[in-house]
Amino acid sequence: MLLTEEVAGRDGATRRMRRRAAGFPSGKTFESWRGTDSSIPAATQAGLQTLEWVGRAENLAVTGPSGTGKSHFVEALGHAVIDAGMRVSWFSLDTLTATLARATVDASVTKMVARICRADLIVIDDIGMLPAGQEAAEAFYRVVDAAYERRSVAVTSNLHPSGFDTIMPKSLATAAVDRLLHHAHLVVAEGSSLRMAEAMAGRGVVALSKGGAGR
């Protein structure tokens with residue numbers, strides 16, 4: 001019993017360490033995910049939650065309008081990956097670009113990309129919300145190329161990946177997307193914003209108490 005508890009304690013500590021290292025943005029898991037409210041087919045949700053695609057180093061691209069649950073779903077998958085004993089690295093395109101830009105100072109870009117690719121799942125969130133210049137396109141390409149057929153990459157975007165060349169230099173976008181989609185599950189989240197629906201229904205905040213409403 002003592003050995004079992006010791007192993008369980010170490011496993012728990014390892015998972016907590018990996019969650020911190022992953023850099024998740026908000027801590028959203030499947031406990032708060034309302035699958036029935038999502039336009040992603042239930043069979044697709046269930047299939048991705050098996051994580052078999054991560055074991056095969058396949059990629060995932062979730063596209064659709066803002067507020068349709070793309071980041072929540074992928075972050076929940078990321079937590080499930082860690083619970084399964086694997087590692088995750090989470091970035092926005094901006095933070096990925098900044099991370100590799102810092103590595104150029106001491107010429108350690110190759111080492112940094114290799115470190116990122118130690119993770120079993122690399123997430124690049126919210127591509128397409130802002131235009132991406134040469135530096136961002138290079139960072140995106142470097143990671144996708146290094147992970148190709150070795151690690152899983154998941155991206156979320158309001159654009160279909162084939163349209164990434166409208167927000168970043170065409171040659172780099174084309175090369176990156178070619179590798180990204182070669183072994184990829186493409187999921188489309190449709191519909192109106194779930195965040196806006198919650199806000200209009202008054203579920204975006206906790207109701208004010210009578211005593212505090214006038215303060």
Side-chain angles (χ1 to χ4, degrees), residues 11-12 14-56 58-96 119-130 152-164 180-181 183-209 212-213:
D11 287 346
T14 298
R15 286 194 294 272
R16 288 191 295 272
M17 178 186 68
R18 288 180 176 176
R19 287 188 209 284
R20 288 194 299 270
F24 291 121
S26 59
K28 291 179 178 177
T29 68
F30 282 117
E31 290 184 2
S32 58
W33 171 252
R34 298 195 301 272
T36 55
D37 290 344
S38 173
S39 65
I40 300 172
T44 300
Q45 294 185 42
L48 290 170
Q49 288 179 56
T50 66
L51 306 181
E52 292 176 1
W53 58 283
V54 179
R56 294 192 294 263
E58 295 170 352
N59 299 327
L60 173 64
V62 185
T63 72
S66 178
T68 51
K70 304 182 300 295
S71 296
H72 187 158
F73 183 62
V74 173
E75 185 175 357
L77 286 172
H79 282 283
V81 168
I82 287 178
D83 287 337
M86 295 179 281
R87 293 181 173 86
V88 176
S89 288
W90 183 287
F91 300 93
S92 66
L93 186 57
D94 282 346
T95 60
L96 177 64
D120 301 276
L121 174 64
I122 303 155
V123 181
I124 306 173
D125 187 35
D126 264 350
I127 298 173
M129 297 304 293
L130 295 169
S152 292
V153 175
V155 301
T156 70
S157 178
N158 60 320
L159 297 172
H160 187 285
S162 63
F164 285 1
L180 176 72
L181 294 185
H183 306 293
H185 302 271
L186 182 60
V187 177
V188 178
E190 300 174 328
S192 57
S193 170
L194 298 175
R195 287 191 290 265
M196 185 59 69
E198 287 193 347
M200 297 300 292
R203 297 197 302 270
V205 295
V206 177
L208 296 172
S209 63

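Across Phe24 and Gly78, no two heavy atoms sit closer than the pair CZ-C, 3.6 Å. Nearest heavy-atom pair, Ser152 versus Val54, reported as atom, atom and distance to 0.1 Å: OG-CA, 3.3 Å. In this structure, Pro25 and Glu75 approach most closely via the heavy-atom pair CG-OE1, 3.6 Å. Ile82 and Ala22 get closest at one heavy-atom pair: CD1-CB, 4.1 Å. Of all the heavy atoms in Ala76 and Thr29, the pair that sits closest is CB-C, 3.6 Å. Closest approach of Leu159 and Phe164 over heavy atoms only: O-CE1, 3.8 Å.
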Exercise. Please step through side-chain contact (heavy atoms from CB on, under 4.5 Å) for the pair Leu60 and Leu77, ending with a clear verdict.
Key: CA-CA 11 Å; Leu60 173 64; Leu77 286 172; 3.7 Å; yes
Practice problem: Would you please test His185 and Thr44 for side chain to side chain donor-acceptor pair (under 3.5 Å) and show each step? | Solution: CA-CA 9 Å; His185 302 271; Thr44 300; over 6 Å; no
N/O donor to acceptor pairs below 3.5 angstrom from side-chain atoms of residues 119-127, sequence neighbours left out:
{"from": "Asp120", "atom 1": "OD2", "to": "Arg87", "atom 2": "N", "distance (Å)": "2.8"}
{"from": "Asp125", "atom 1": "OD1", "to": "Ser71", "atom 2": "OG", "distance (Å)": "2.7"}
{"from": "Asp125", "atom 1": "OD1", "to": "Thr156", "atom 2": "OG1", "distance (Å)": "2.3"}
{"from": "Asp125", "atom 1": "OD2", "to": "Ser71", "atom 2": "OG", "distance (Å)": "3.2"}

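A distance-only check finds no donor-acceptor pair linking the side chain of Ser38 to the backbone of Gly35 [under 3.5 Å]. Checking side-chain atoms of Arg19 against main-chain N and O of Gly27 turns up no donor-acceptor pair under 3.5 Å.
Applying the ring pair (Phe, Tyr, Trp, His ring centres under 6.0 Å) criterion to Phe73, with sequence neighbours excluded, gives Phe30, Trp33.
Side-chain contact check for Arg18 versus Val88: every heavy-atom pair is 4.5 Å or farther apart. Residues Ser162 and Leu181 form no side-chain contact, since every pair of their non-hydrogen atoms from C-beta on lies 4.5 Å or further apart. For the pair Leu48 and Val187, the minimum side-chain heavy-atom distance is below 4.5 Å.
For residues 39-53, the pairs satisfying salt bridge (charged side-chain N to carboxylate O under 4.0 Å, His left out) are Glu52-Arg56, with sequence neighbours left out.
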